[in-house]
Amino acid sequence: MGINTERDIEANLQIGPTDLGMVRLFIEGKGIEIPMDFEPEEAEEIAEEIRAAAQAARAVKR
């Protein structure tokens with residue numbers, strides 16, 4: 001399995017602040033819940049990685 005392996009799994013993603021000052025990515029799928037908490041600085045790094053991946057994806061010929 002890798003990033004290019006397609007899977008037929010549905011999941012919901014919620015992103016928001018916690019009452020402890022963290023940024024939470026909350027992933028919910030069939031029978032599973034994954035809360036992932038990050039310091040605000042870590043969340044900003046993740047956001048930069050997502051932007052870079054989006055830019056690279058636009059450059060891929062389909």
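The residues of the chain are indexed from 1 along the displayed sequence.
- Between Pro40 and Val23, the closest heavy-atom pair is CA-CG2, 4.3 Å.
- From Gln55, atom CD reaches atom CD1 of Ile50 across 14.0 Å, with rounding to the nearest 0.5 Å.
- Once rounded to the nearest 0.5 Å, the distance linking CG of Leu25 with CG of Asp37 reads 8.5 Å.
- A heavy-atom distance below 4.5 Å is not found between the side chains of Ile27 and Glu33.
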Determine all donor-acceptor pairs shorter than 3.5 Å in which one atom belongs to a side chain in residues 8-20; sequence neighbours excluded.
unit_1: Thr18; atom_1: OG1; unit_2: Leu20; atom_2: N; d: 3.2
unit_1: Thr18; atom_1: OG1; unit_2: Met22; atom_2: N; d: 3.1

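- Every residue was checked against the side chain to side chain contact (heavy atoms under 4.5 Å, CB included) condition with Glu44, not counting sequence neighbours, and none meets it.
- With sequence neighbours excluded, the residues satisfying side chain to side chain contact (heavy atoms under 4.5 Å, CB included) with Pro35 are Arg24, Phe26.
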